[in-house]
Amino acid sequence: ITRDMRWLITALIVAGIFLSGVEIQEAGWFGSGGVPPITGYNVVTTYGNGFDFHSGNKMVYKDGFIYRAYSSTSQFGWPQFIVFDVRKPEAPAYTYIGRQLFEDAPGEVALYNNFVYVITASSMSAFDISYPTAPVFYKGLLAFGDKATDIEIQGKYAYIGFDTAYSSLSFRIVDISRPLQPKIISGSQVLPTGKFVNELAVAGKYVYLTIEAGAPNSFAVVDVSDP
């Protein structure tokens with residue numbers, strides 16, 4: 001065994017001993033009684049503002065700002081899109097709250113240059129975030145007529161998953177090279193009727209789909225080398 005290998009083995013043993021003592025707890029819901037203590041790493045700050053972030057929507061980050069859709073309906077006037085300024089991580093603050101923007105509850109978001117795309121059950125909208133504290137909203141750029149479940153972007157294409165109980169296609173590919181004029185260019189049915197794409201990821205020429213509504217077919221891989 002070389003000297004470098006001995007150093008590597010020693011480092012791995014030490015790392016294993018350290019990690020075995022790490023305890024990571026669920027951070028809990030904002031606005032529902034506070035955040036329990038978290039051990040094992042440095043928590044810079046916690047920020048409670050009364051919003052309940054229990055829904056599973058993901059966030060996107062760009063240049064010191066975080067963008068997130070909020071799964072609420074417009075009829076109650078609740079927030080539907082929020083921008084957090086995290087340029088000072090020790091003092092985060094929300095800088096924009098969009099209310100009553102969507103007819104349907106907004107879902108997942110994805111970032112393309114200076115645009116954040118947001119899907120609802122039946123359409124795709126976008127925010128121009130050239131000025132993060134004052135994003136410009138473009139509603140209903142693309143109508144699906146079906147129930148969209150997730151969105152990811154790679155290059156000039158957006159990949160969108162669907163619920164096959166409402167759609168004849170499991171996912172569609174959208175050309176977003178003209179950000180305010182998105183265009184569906186293709187679609188595929190890789191799931192039996194009644195199942196839906198829970199999440200998707202894209203890397204290179206493959207789209208990876210996780211599938212819900214019963215086994216089998218809980219995972220699928222689609223070649224999109226020719227969108």
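Here the structure is a predicted model, which means the values were calculated and not measured. Hydrogens, waters and symmetry mates play no part in the numbers below; they use all other heavy atoms, side chains included. Positions are given from 1 along the sequence.
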Could you state whether Leu180 and Ile119 fall into the same hydrophobic cluster, counting links through intermediate Ile, Leu, Val, Met, Phe, Trp or Tyr residues with side-chain heavy atoms under 4.5 angstrom apart?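 They do share one cluster, since a chain of ILVMFWY contacts under 4.5 Å joins Leu180 to Ile119.
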
Below 4.5 Å, heavy atoms only, C-beta onward: do Val116 and Phe65 meet side chain to side chain? no

Is the shortest heavy-atom distance from the side chain of Asp175 to the side chain of Lys156 under 4.5 Å?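 In contact.
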
To the closest 0.5 Å, what do you measure between [atom1] ([X]) and [atom2] ([Y])?
X	Y	atom1	atom2	value
Arg178	Lys183	CZ	NZ	9.5 Å
Lys205	Asp226	NZ	CG	11.5 Å
Leu111	Ile151	CG	CD1	10.5 Å
Tyr94	Phe84	OH	CZ	8.5 Å
Asp63	Arg87	CG	CZ	10.0 Å
Ile82	Arg99	CD1	CZ	8.0 Å

Counting the benzene-type ring for Trp, do Tyr131 and Tyr96 have ring centres under 6.0 Å apart? no

With distance as the sole test, does [X] use its side chain to make a donor-acceptor pair with the main-chain N or O of [Y] at under 3.5 Å?
X	Y	result
Asp150	Leu200	yes
Tyr117	Pro179	yes
Ser125	Val118	no

Looking at Lys88, I'd like to know if its NZ atom is crowded, meaning that more than 12 non-hydrogen atoms belonging to other residues, nucleotides or ligands lie closer than 6.0 Å.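 No, because the 6.0 Å sphere around NZ of Lys88 holds 12 heavy atoms or fewer from other groups.
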
Tell me which pairs pass ring-ring contact (aromatic ring centres under 6.0 Å, His included) where either residue lies in residues 138-161, with sequence neighbours left out. Phe144-Phe162

Give me the atom names and distance for the closest heavy-atom approach of [X] to [Y].
X	Y	result
Pro227	Ile173	O-CD1, 3.8 Å
Asp223	Tyr206	CA-CD2, 3.9 Å
Ala203	Tyr208	CB-CE1, 4.3 Å
Lys62	Asn114	CE-OD1, 3.1 Å
Ala69	Gly107	CB-O, 3.2 Å
Met124	Ile176	CE-CG2, 4.4 Å

For side chain to side chain contact (heavy atoms under 4.5 Å, CB included), just list the numbers for Phe115 and Leu141, CA-CA rounded to whole Å, side-chain angles, deciding distance to a tenth of an Å, and then say yes or no. CA-CA 12 Å; Phe115 291 88; Leu141 295 176; over 6 Å; no

From CA spacing to verdict: side chain to side chain contact (heavy atoms under 4.5 Å, CB included), Val207, Glu152: CA-CA 9 Å; Val207 171; Glu152 290 290 343; over 6 Å; no

Given Gln80, which of Thr120, Leu101, Ile97 fulfils the side-chain contact (heavy atoms from CB on, under 4.5 Å) condition?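 Single pass found, and it is Leu101.
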
Kindly state each residue pair satisfying salt bridge (charged side-chain N to carboxylate O under 4.0 Å, His left out) with at least one member in residues 129-145, sequence neighbours excluded. Glu103-Lys139

The test is side chain to side chain contact (heavy atoms under 4.5 Å, CB included); show your working for Asp85 and Thr133 and say whether it passes. CA-CA 8 Å; Asp85 184 344; Thr133 59; 5.6 Å; no

With side chain to side chain contact (heavy atoms under 4.5 Å, CB included) as the criterion, how do Ile129 and Tyr67 come out once you've worked through the C-alpha distance, each side chain's angles and the decisive distance to 0.1 Å? CA-CA 9 Å; Ile129 57 170; Tyr67 305 86; 3.4 Å; yes

